[in-house]
Amino acid sequence: SMKHYVVNRPVYSENSFTEEHEKISREHKTILRHVKDYLSCDSKRAKRAGLTLLPIIGWMRTYKVKEWLLGDLVSGISTGLVAIMQGLAFSLLAELPPIYGLYTAFFPMLTYFFFGTSRHISVGAFPVLSLMIGAVVLRLVPMDGSPSKIQAFADLNVTQQKVLVASSVTFLMGIYQLAMGLLQVGFVVVYLSDTLVSGFTTAAAVHIVVSQLKFVLGLNTGSLSGILSIIYTLEKIFNDITQTNICDLVMSIVIMVVVFIVKELNDWYKAKLPVPVPIETVMTVIACGVSYGFNFEKTYNVTVVGEIISGYEPPTAPSIEVFQESAVESFPMAIVGFAVAFSVAKIYAIKHAYTIDGNQELIAFGISNMFGASFSSFGASTSPSRTAVQESSGGRTQIAGLVSAMMAMIVTVALGFLLEPLPRSVLGALVIVNLKGMLMQFREIPYLWRRDKLECAVWVGTCGSAILLGLDLGLAVGLGAELLTVILRTQFPRCSILANIPGTDIYRDRKDYIDMSEPQGVKIFRIPSPIFFANIDFFRDKLLEAVGFNPLKVFKKRNKALLKLKNSKQQSESESDSQNGSGNQISSTSHDKYTNMEELDRSKDVKVQIDWNAELPDGISVPRVNIHSLILDFSAVSFLDISALKGLKMALREFIQIDVDVYIVSCDVGILEKLHSCMFFDDKIQTSILFPTVHDAVLHALEKHMDSKEKEQAVRIYIHEDTTEQEKDSTTPP
């Protein structure tokens, strides 16, 4: 059986509630006080700052060597094999020789180990970021044409120029990330919704597939960047398709099929497998052996990785000129790199019950990218597939990441020469087969269409614009579309008229339930969004639509009617004097019913007491106003701006001057303070219009506008239906 409760309390207005219940006076901190508190320091705060800046201190103190070390080592080896293959492959996206992918698998991880808060993400190359860097490399060092007029290019060959551009862009990206982290603006990632990131990464996957087709087909087609570059690239590929290298194509197809099947088996049997089968490494080793044994380079004219210099290059300074050329493009890279890494890190942090710090992650990636760029590596973020391997193979901390970086170092220093006969088409095939997860996101379109068409529009708009306009412009368009949906939702909210569920103090949209009761003469209007400059006119229009009349027009017509009545009375009096009360005169008794008043004022503020809903004399027509009270439910209004206050005040005045009482109910404390501080109340709009709940305002309105008999009957029917006599007594308004 349902439980019941009975409340016996007065009908409160905000004024009477405040009188009866004393409010705590709270002082809000000034900006200066906030700054002082932020800059103050003590031992606890210094310790907390140290732990925040170097998270390794926190998790290393609790490291369980016997339980975790073996898992981290196994995970590090498994992840290292994937990181090496992905580093080699993703370097093609950045338009760099494969060895620089190995640098990216090593250097950024060294600093992230100390500064990062995530214990599971695998730091290194990310295909989307690599592609964005590759677009800048192509623009500044085009494949067909003279490079940009940058003085630092003077004594460098084409490869060195590309490396300088990629490392400089990465360094600038790191500066942006570090600056955002120090300024505590890690919250910027919240503006990149899951829908936006999904559409953007899907578009990036399409770009990546197109960019790798030339390697898979063994063509020497040049790469392009810029608006509609994907169309021009496809056109070039189809023009040259007759020159396809069959050996490259067959090898790519075989590798893609085998890797795809084994990856699926890894997913199906991940509970039974101690570590995923490193199929990419296996196929790379086989391809290297076959290519070397049959001398693919000379026999079938296959493009191979070529000479790999063992060891590392000395640190180099970035180019300021490249900074100037790529200042705009580096910022979206910084955002995308951080957003992807943070979203992946958040998934595993929730799964393993620890917290990550967005601002510290920005600092960690900023330092890692700046450090890596100094040693010629390119943009570092994380790859979801690589991180999944690190976590699923038993990795518990970033020691696994450090082991994977050591494996990349071993290949770079000692085993690099073994990769020289590796066909580039194999790397292209590995890139494409790793995009399965991103390309499968196209399945989100029908899902979003069924559930939220605006979200679907954001996805399609972001994806389409990123494919056609390029990733940087596409991200900007997607962000604009996403913010536009927020504006649309707040600018055109779903306003509703509320009615009462009989026997309760609950009010719901009158369209939603069958058994509803609207208080007679009372209209309850609910606004479900903030009211601000962009939607105040929409709110006023919806309010007039809800009440069924325009108060300004009613006021003007009433004034005209009053003037007519006055003239009619004067005329009838003169006729009465001349005819001594006989003939066709207007009955003074019936006329006085409408015009029993002092001299009418011709100004707008006409003060008269007339029943405008009664039958008026012939020739006088005034719109009927069938309500005496209007209640505005502000329970969902989170803020008001100055424009909204002005518009709201004007609307309230219009209703008050045609004798419709207006009440504002369920205001948030911040809204109440805003109304008082902005001098909203005056002699016409008084604080007595504020009520804590809809029900309080309804009871007050019914009591005010009915005589005692009607009031007793209406309140009893309206509020006490299906209740006991005791409940009636307990809820009857005082």
Side-chain angles (χ1 to χ4, degrees), residues 518-523 525 536-537 539-632 646-663 681-686 688-689 701-711:
E518 273 196 86
Q520 190 175 359
V522 180
K523 192 71 74 175
F525 185 72
I536 182 63
D537 291 332
F539 157 71
R540 283 166 61 92
D541 292 343
K542 283 291 177 184
L543 181 58
L544 299 187
E545 187 183 314
V547 297
F549 59 85
N550 185 326
L552 202 57
K553 288 182 180 177
V554 170
F555 182 66
K556 287 178 179 177
K557 289 204 172 185
R558 283 186 180 180
N559 275 351
K560 286 182 182 177
L562 285 168
L563 292 172
K564 278 187 180 180
L565 287 170
K566 179 185 176 184
N567 293 335
S568 174
K569 182 180 179 182
Q570 288 174 347
Q571 185 181 351
S572 65
E573 283 175 352
S574 62
E575 286 178 5
S576 175
D577 290 341
S578 62
Q579 297 176 18
N580 291 322
S582 62
N584 295 329
Q585 62 182 22
I586 296 174
S587 165
S588 62
T589 309
S590 64
H591 198 79
D592 283 349
K593 179 180 176 183
Y594 307 104
T595 58
N596 184 17
M597 60 188 88
E598 295 197 283
E599 178 142 349
L600 292 170
D601 187 355
R602 287 180 177 271
S603 72
K604 285 188 177 181
D605 261 342
V606 183
K607 303 284 185 185
V608 289
Q609 294 295 322
I610 292 181
D611 183 3
W612 290 105
N613 289 327
E615 191 177 340
L616 298 172
D618 293 339
I620 295 175
S621 173
V622 175
R624 294 177 71 85
V625 175
N626 55 1
I627 62 170
H628 53 70
S629 301
L630 172 64
I631 297 173
L632 303 179
K646 288 179 181 175
L648 183 64
K649 191 167 186 175
M650 194 182 300
L652 265 58
R653 279 176 170 273
E654 289 171 6
F655 280 103
I656 290 168
Q657 69 186 358
I658 61 166
D659 302 319
V660 174
D661 294 334
V662 184
Y663 303 101
F681 300 104
D682 54 27
D683 56 335
K684 288 191 175 179
I685 303 173
Q686 298 177 347
S688 57
I689 69 168
L702 291 175
E703 185 179 31
K704 181 178 178 182
H705 288 275
M706 290 183 185
D707 60 39
S708 56
K709 252 187 186 177
E710 287 178 317
K711 190 190 309 177

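Note on ring orientation: taking the six-membered ring where Trp is involved, the planes of Phe525 and Phe539 are tilted (angle from 30° to 60°).
Heavy atoms only, all atoms of each residue included: Val625 and Ile658 are closest at CG2-CD1, 4.3 Å. Smallest separation of non-hydrogen atoms from Gly647 and Ile536: CA-CG1, 3.9 Å. In terms of heavy atoms, Gln520 sits closest to Leu702 at O-CD2, 4.0 Å. Among all heavy-atom pairs drawn from Lys557 and Val622, the shortest one is O-CG2, 4.1 Å.
By the 4.5 Å heavy-atom criterion applied to side chains, Lys566 and Leu562 are not counted as neighbours. You'll find the side chain of Val662 stays beyond 4.5 Å of the side chain of Ile689, heavy atoms only. At a threshold of 4.5 Å between non-hydrogen side-chain atoms, the residues Lys564 and Lys560 do not count as touching. A 4.5 Å side-chain heavy-atom check between Val522 and His628 finds at least one atom pair inside the cut-off. In this structure the side chain of Leu648 reaches within 4.5 angstrom of the side chain of Leu652, judged on heavy atoms. Contact annotation: the side chain of His705 approaches that of Ser629 to within less than 4.5 Å [non-hydrogen atoms, C-beta and beyond]. Within the 4.5 Å cutoff, the side chain of Asp682 has heavy atoms near those of the Lys649 side chain. Between Leu552 and Gln657, some side-chain heavy-atom pair lies under the 4.5 Å cut-off.
For the atom pair CD1 (Ile656) and CG (Asp661), the distance works out to 8.0 Å, reported to the nearest 0.5 Å. Atoms CD and CG, on Glu654 and Leu544 in that order, are 7.5 Å from each other to the nearest 0.5 Å. Here the OH-CG distance, from Tyr663 to Leu632, works out to 11.5 Å after rounding to the nearest 0.5 Å. Expressed to the nearest 0.5 Å, how far CZ of Phe655 lies from CG of Leu543 amounts to 4.5 Å.
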